[in-house]
Undergrad: 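So that we are looking at the same thing, I have put the structure below in structure tokens.
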There are 2 protein chains.
Amino acid sequence: MSETDRPLSGDQGLPTATRPVARATMKDVAALSGVSLKTVSRVVNREPGVSAGVRERVERAVTRLDYSHNVHASNLRRSGGRTGTIGALLQDISNSFSASLLRSLEDVARAEDTAVLAASLDEEPDREIALVRGLVARRVDGLVLMPATSRQEYLAAELRAGLPTVFVDRLPHGVDADSVTVDNVLGARHAVEHLVRQGHRRIAVLSDLSTIQTATERLRGYREVLQVAGIPADSTLEVAGLRNPEAAGEAVRRLCRSASPPTAIFAGRNDLAIGAVRTLRALGLAHRVAVVGFDDFPLADLLDPALTVMRQNVAQIGSEVGRLLFSRIAGDTSPPRRVIIEPTLVARGSGEIRPT
Amino acid sequence: MSETDRPLSGDQGLPTATRPVARATMKDVAALSGVSLKTVSRVVNREPGVSAGVRERVERAVTRLDYSHNVHASNLRRSGGRTGTIGALLQDISNSFSASLLRSLEDVARAEDTAVLAASLDEEPDREIALVRGLVARRVDGLVLMPATSRQEYLAAELRAGLPTVFVDRLPHGVDADSVTVDNVLGARHAVEHLVRQGHRRIAVLSDLSTIQTATERLRGYREVLQVAGIPADSTLEVAGLRNPEAAGEAVRRLCRSASPPTAIFAGRNDLAIGAVRTLRALGLAHRVAVVGFDDFPLADLLDPALTVMRQNVAQIGSEVGRLLFSRIAGDTSPPRRVIIEPTLVARGSGEIRPT
DNA sequence: CCTCTTCATGACAACGTTGTCGAAGACGAC
DNA sequence: GTCGTCTTCGACAACGTTGTCATGAAGAGG
């Protein structure tokens with residue numbers, strides 16, 4: 001990978017970034033057009049009560065000076081004005097789940113003329129707290145949070161102050177707020193039941209840190225099914241604390257090389273399923289060991305075998321979150337809602353492999 | 001997909017979002033702690049010259065009142081202060097390319113204590129202009145732009161006013177600004193040369209709208225190779241205007257059913273490659289027709305055959321963009337730079353299929 | 001012609017904060 | 001006790017904007 005990095009030679013006549021030539025303010029526009037500040041304000045805000053002539057003079061000055069409205073000053077003065085900005089703190093914006101969620105949230109926000117401040121938490125509680133503080137200091141109109149902290153008491157003051165907040169993917173703890181989550185226990189149950197139905201009795205589960213709510217819920221669903229099915233729990237088949245595809249792959253490698261390997265794997269999150277599939281492929285077991293993943297992702301249908309997953313309707317989650325958030329921003333003060341979305345099984349092949 | 005949406009019953013004691021109980025200001029803190037406004041300001045900003053006793057009184061009042069600093073008011077007063085916010089306008093935040101780019105940019109920004117406003121343009125020029133206006137009105141410290149417009153003269157005033165701006169993936173037109181792009185012509189040449197080297201002479205190309213710079217550049221690279229190789233151009237093998245995987249898949253279907261189908265396909269963008277693969281799979285041609293894609297993406301290695309691609313190092317692009325942007329924000333006024341990153345061929349199988 | 005209303009416009013304060021500068025008190029040196 | 005120096009603190013203006021209200025001119029109605 002080489003890289004060219006040369007100063008540009010041609011294009012001398014083109015506009016270039018230069019150092020701050022202090023931006024024009026309404027005062028400048030007023031001076032240039034020979035009217036009062038307030039009149040400029042009226043023109044800029046399209047308020048009525050300005051004669052056509054004056055309006056035009058002001059507009060000319062606006063373009064002459066490249067005047068740009070300063071929304072921060074404007075908001076400061078306007079009592080209870082919105083900043084037209086919301087914050088979205090997700091786990092990892094580059095993960096297809098967070099990315100799609102952000103995207104559908106963005107679409108709702110744009111319809112409301114609102115910009116989105118987005119950041120990744122990477123399961124770091126301290127970062128969450130610091131970022132929330134930053135968003136509040138920026139006076140966002142609302143907050144979407146996929147928390148990395150186990151409890152969110154630190155948010156209590158903001159909630160009391162009326163900051164519209166919607167939790168997504170994970171429920172709030174220690175505070176009461178709106179949430180849009182998936183029924184993880186149910187989803188995991190469906191997934192594992194599906195495997196049991198194929199005749200599997202040695203089903204491994206790949207799970208993330210036990211501090212992550214969704215991970216433990218999915219693990220719970222797994223255990224419930226085994227118990228109901230009368231399959232004795234085998235702790236060697238439960239691998240937790242997996243943070244990434246590589247760790248999942250390594251776990252699968254160990255499992256498959258053990259004395260009594262699993263005939264099926266339930267992967268608790270999309271990237272863990274990917275790591276598992278990659279290793280099974282490498283071991284030549286892709287068509288021998290069944291896999292069901294949690295979270296659908298692009299191309300899952302193109303794998304061989306195509307991956308069976310529990311799908312969360314991400315677009316639905318995102319727009320649900322957006323709707324909820326903006327109804328709060330608009331002033332809805334009804335009690336907090338918990339929207340729970342049921343994931344659906346998408347059978348594509350990998351989950352329908354029978355035990356050998 | 002069902003959905004539960006019930007008001008919450010329990011948890012009555014927990015803090016809940018309520019309507020605006022007007023946020024405490026420094027004035028309130030000053031009143032409560034019996035000092036002047038300015039002293040509160042000093043404490044909040046950790047300025048020296050406040051006695052320990054007073055400092056503590058103020059801090060108690062700050063927590064008592066849940067005071068939160070208002071960065072907008074602060075920035076308004078501070079001359080030339082930064083807002084600690086940058087804007088990133090990419091094509092589609094849910095696409096793995098934009099998402100990864102955003103993520104690595106975010107990491108740079110966080111290190112600089114800066115938040116990122118992110119939005120998707122979806123190739124809509126009007127949206128780009130409106131969003132830039134919005135970002136400028138929010139006084140972002142810098143702008144990252146993957147333009148949807150063909151020319152960006154509308155930015156001239158902002159650039160003159162000193163708005164740090166870095167173009168990514170696409171070069172600026174009509175204005176001069178920093179950019180970080182991939183050498184698309186070169187990348188396309190490598191890709192198509194690779195196919196020619198395998199013996200292919202009927203190579204189709206899937207391309208996006210001709211208004212998209214990167215698309216035409218890749219198309220150009222394709223044509224150059226054919227010419228050099230002495231392969232007569234066949235316009236039926238050039239399909240442009242493909243906006244999504246479905247369109248690409250449809251195009252591939254038509255191509256493969258024609259009288260003289262291609263033996264290889266060069267897909268000009270990751271989603272077009274995906275559409276092509278999906279159709280080839282459906283037609284049972286996945287192992288007969290060679291494919292090389294542009295842009296790597298997660299799981300390309302897990303397809304069967306694994307997809308050969310021209311990889312752009314997205315993380316590198318993102319951090320390069322970030323570094324450039326923040327050097328400008330820090331005051332670097334050297335002439336605009338054009339960083340050009342060379343994509344590399346990642347041979348995985350699909351591109352090494354020989355013609356039949 | 002006078003009063004009353006309507007309309008366009010401007011003066012001024014205020015939003016929440018910080019930079020500037022000056023005042024009051026403590027302290028030390030003589 | 002006097003002077004100077006430090007330290008701590010506050011009054012005030014300013015950032016760029018908008019809400020409120022006042023002003024003056026033009027037009028309506030008698």
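In the text below, chain A, chain B and the rest are named by the order of the sequence lines, each starting its count at 1. Everything numeric in this text was worked out from a predicted model, so none of it was measured.
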Undergrad: To the nearest Å, how far apart are His72(A) NE2 and dA14(C) C1'?
TA: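 Going from NE2 in His72(A) over to C1' in dA14(C) covers 19 Å.
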Undergrad: To the nearest Å, how far apart are Glu47(A) CD and dT17(D) P?
TA: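 Glu47(A) atom CD is separated from dT17(D) atom P by 14 Å.
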Undergrad: If you measure from CG on Asp141(A) to OG1 on Thr83(A), what distance do you get to the nearest 0.5 Å?
TA: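 Those atoms lie 3.5 Å apart.
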Undergrad: Quick check for you: to the nearest 0.5 Å, what is the distance between Glu320(B) atom CD and Ser179(B) atom OG?
TA: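 Glu320(B) atom CD to Ser179(B) atom OG measures 11.0 Å (nearest 0.5 Å).
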Undergrad: Rounded to the nearest Å, what distance is computed from the CG atom of residue Asn75(A) to the P atom of nucleotide dT18(D)?
TA: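 Taking atom P of dT18(D) as the reference, CG of Asn75(A) is at 10 Å.
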Undergrad: Does the side chain of His69(A) get closer than 4.0 angstrom to OP1 or OP2 of dT18(D) through an N or O atom?
TA: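 Yes, within the criterion.
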Undergrad: Quick one: Lys27(A) NZ to dT17(D) C1', roughly how many Å, whole number?
TA: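 So the two atoms are 12 Å apart, to the nearest Å.
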Undergrad: Should Arg78(A) be listed as having a side-chain N or O under 4.0 Å from OP1 or OP2 of dT18(D)?
TA: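 Answer yes for this pair, as a side-chain N or O of Arg78(A) is under 4.0 Å from OP1 or OP2.
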Undergrad: So, are Glu123(A) and Arg170(A) salt-bridged, with charged N and O less than 4.0 Å apart?
TA: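 So Glu123(A) pairs with Arg170(A) through a salt bridge.
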Undergrad: Rounded to the nearest angstrom, tell me the gap between atom CG in Leu76(B) and atom C1' in dG19(C).
TA: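 In whole Å, dG19(C) C1' and Leu76(B) CG are 13 Å from each other.
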Undergrad: For the pair made of CZ in Arg23(A) and P in dT17(D), what is the distance, rounded to whole Å?
TA: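 Distance check: Arg23(A) CZ to dT17(D) P gives 11 Å.
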Undergrad: Pick out the pairs of N or O atoms, protein on one side and nucleotides 7-10 of chain D on the other, that lie under 3.5 Å.
TA:
unit_1, atom_1, unit_2, atom_2, d
dC9(D), OP1, Ser51(B), OG, 3.0
dC9(D), OP2, Ser51(B), N, 2.6
dC9(D), OP2, Ser51(B), OG, 3.3
dG10(D), OP1, Ser36(B), N, 3.2
dG10(D), OP2, Ser36(B), N, 2.8
dG10(D), OP2, Ser36(B), OG, 3.0
dG10(D), OP2, Thr39(B), OG1, 2.4
dG10(D), O5', Ser36(B), OG, 3.4
dG10(D), N7, Arg42(B), NH2, 2.6
dG10(D), O6, Arg42(B), NH1, 3.4
dG10(D), O6, Arg42(B), NH2, 3.4

Undergrad: At under 4.0 Å, does any side-chain N or O of Asn45(B) touch on OP1 or OP2 of dT18(C)?
TA: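 So the side chain of Asn45(B) is within the cut-off, an N or O lying under 4.0 Å from OP1 or OP2 of dT18(C).
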Undergrad: Roughly, in whole Å, what's the span from CG in Asp28(A) to C1' in dC15(D)?
TA: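 Rounded to the whole Å, the gap is 13 Å.
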Undergrad: If the test is side chain to side chain contact (heavy atoms under 4.5 Å, CB included), which one of Leu90(B), Leu131(B), Thr149(B) qualifies with Leu121(B)?
TA: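 Single pass found, and it is Leu131(B).
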Undergrad: Just checking Ser74(B): base, sugar-phosphate only, or nothing, at a heavy-atom cut-off of under 4.0 Å?
TA: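 Ser74(B): backbone/sugar contact only, no base atoms under 4.0 Å.
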Undergrad: Between Arg82(A) and Glu112(A), is there a side-chain N and carboxylate O pair less than 4.0 Å apart?
TA: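 Looking at Glu112(A) together with Arg82(A), the answer is no, because their closest N to O distance does not fall below 4.0 Å.
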Undergrad: I need the Asn70(A) CG to His72(B) NE2 distance, nearest 0.5 Å.
TA: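 Reported value, rounded in 0.5 Å steps: 9.5 Å.
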Undergrad: If I take atom CG in residue Asn70(B) and atom C1' in nucleotide dG16(C), what distance separates them, rounded to the nearest angstrom?
TA: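 Answer to the nearest Å: 6 Å.
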Undergrad: Are Arg23(A) and Glu158(B) within salt-bridge range, i.e. N to O under 4.0 Å?
TA: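 Yes, this pair counts.
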Undergrad: As a test of reading the structure: which of dC15(D), dT18(C), dT18(D) is closest to the side chain of Met26(B), going by heavy atoms?
TA: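 It is dT18(C).
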